[in-house]
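Here is the structure we will look at.
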Amino acid sequence: MERGWYKEPMPELPEVETVRRGLGQILKDQPAITKIELKRKDLRDPIPVRQVQSLVGAKILSIERRAKYLLLKTSAGTLLSHLGMTGTWRVAPPGDEKDHDHIYLHFSNGLRLAYRDPRRFGCFDFVARDQEQTHPKLKNLGVEPLAKAFTGSDLWQKLRGKETPIKVALMDQKTVVGVGNIYANEALFRAGIRPQTKACKLSRERCERLVGAVKEILAEAIAAGGSSINDYVQASGDSGSFQKSFRVYDREGEMCETCHTRVSAQVLGGRSSFWCPSCQK
DNA sequence: AAGTAGTCCTGAGTGC
DNA sequence: TGCACTCAGGACTACT
């Protein structure tokens, strides 16, 4: 496999947003849930089986996203789905059953959606109508990266006094949600900031540039996914249509495409970090 | 209290 | 070829 290219769609925020749009298209006629098959009672966390089952009969009103969580909203409550590392939703007609299919959602329009997640890093939970702000998985989430509220001065404020590397801070969901390891590396490259720079040392100007880079990269990735929405939520969800190229991620020792300096790597906060020693200061 | 390390899981990749 | 081993990642917990 050519380095710097990803074969499997790894669900970061743009992929989750793409799945949200795909599911929205598929469920736009607001079908009722006729059956929920839970092949197991836990993924990363236990699944609240009784609460989940209480939504049988409810209609899917809309699909929303908060951070990397998908919210399947009904008038009786919300199903919350996190794809973890390897989670996928696909339309699964009769006969389309695979290993690691953990959940089947049946709908009144005859559709069956399958959730497959080999590593089970994802989760599936229930959110009561009045718990959107207080649910344990939702209550501590920071600002959305694409929201107007996420600005350079907002970031600068949050980083004050933080000795931790900027990349670790950027991946902290209390700073901003939805920026995973790949996009944290890529955004820092685009902003010209070394990942190990102490968060509190960034000037307002550099915070501004970093926020801009995060927004640009996420928006570009979402736009790229927009043309392949259907591939994502189809039986052939492994079409590989979501290949992406990276400037530094997973390119240790390769030449930076901008300046031909070799890309460096170091573990920060337990995650692989990559940067160009020449382009990033 | 902020910061670090460990945990979960499986498949892909690597080395002998 | 086949086995043993390492690694990847998000979000959370448990420590210092």
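Computed over heavy atoms, backbone and side chain alike; hydrogens, waters and symmetry mates excluded. Below, chains carry the letters A, B, ... as their sequence lines are ordered, and counting in each starts from 1.
Residue contacts for A:Gly180: at a heavy-atom cut-off of 4.0 Å it reaches the sugar-phosphate backbone alone, with no base atom in range.
Per the geometry, CE belonging to A:Met85 stands 10 Å off C1' belonging to B:dT10, to the nearest Å. B:dG13 atom P lies 18 Å from atom CD of A:Glu252, rounded to whole Å. As a whole-Å value, the separation of A:Lys98 NZ from B:dT10 C1' is 16 Å. The distance between atom NZ of A:Lys167 and atom C1' of C:dG10, rounded to the nearest whole Å, is 12 Å. When rounded to the nearest whole Å, the span between CZ of A:Phe121 and P of B:dG6 equals 15 Å. As a whole-Å value, the separation of A:Arg44 CZ from C:dC12 C1' is 7 Å. Rounded to whole Å, atom P of C:dA11 lies 11 Å from atom NZ of A:Lys174. When rounded to the nearest whole Å, the span between CG of A:Leu80 and P of C:dC12 equals 10 Å.
Counting heavy atoms of neighbouring residues, nucleotides and ligands inside a 6.0 Å radius, atom NZ of A:Lys39 does not exceed 12 of them. By the neighbour-count criterion of 12 heavy atoms within 6.0 Å, atom NZ of A:Lys215 is densely surrounded, having more than that number from other residues, nucleotides or ligands.
Phosphate contact (OP1/OP2 of C:dG10, side-chain N/O of A:Lys68, threshold under 4.0 Å): present. Here A:His82 does not reach the OP1 or OP2 of C:dG10: none of its side-chain N or O atoms lies under 4.0 Å away. For B:dC9, neither phosphate oxygen OP1 nor OP2 lies less than 4.0 angstrom from any side-chain nitrogen or oxygen of A:His100. Taking side-chain N and O atoms only, A:Thr86 has no distance below 4.0 Å to OP1 or OP2 of B:dC9.
For A:Arg119 against C:dA8, a side-chain N or O and a base N or O form a donor-acceptor pair under 3.5 Å.
Note that OH of A:Tyr183 and CD1 of A:Ile217 are 8.5 Å apart. Values are rounded to the nearest 0.5 Å. Rounding to the nearest 0.5 Å gives a distance of 5.5 Å between CG of A:Leu155 and CD1 of A:Ile166.
The side chain of A:Gln173 has C:dC12 as its nearest neighbour among C:dC12, B:dT10, B:dG3. Of the candidates B:dC9, B:dT7, B:dG3, B:dT7 carries the atom nearest the A:Arg271 side chain, counting heavy atoms from C-beta on. Checked against C:dG10, C:dC12, B:dT10, the side chain of A:Tyr69 finds its nearest nucleotide in C:dC12. Across C:dG10, B:dC9, B:dT4, the shortest atom-to-atom separation from the side chain of A:Pro165 is found for B:dT4. The side chain of A:Thr164 sits closest to B:dG3 out of C:dG10, B:dG3, B:dT10.
Side-chain N/O atoms of A:Glu132 and A:Thr78 include a donor and acceptor closer than 3.5 Å. Between the side chains of A:Ser62 and A:Glu64, at least one donor-acceptor pair of N or O atoms lies under 3.5 Å.
Looking at which nucleotide of DNA chain B each of A:Val168 and A:Arg116 is closest to, the 5′-most match is held by A:Val168.
Contact annotation: the side chain of A:Leu83 never approaches that of A:Glu15 to less than 4.5 Å [non-hydrogen atoms, C-beta and beyond]. Contact check for A:Leu111 versus A:Leu27: side-chain heavy atoms found under the 4.5 Å cut-off.
Between the axis at the start and the axis at the end of the helix from B:dA2-C:dT16 to B:dC16-C:dG2 there is an angle of 50°, using five pairs per end and rounding to 10 degrees.
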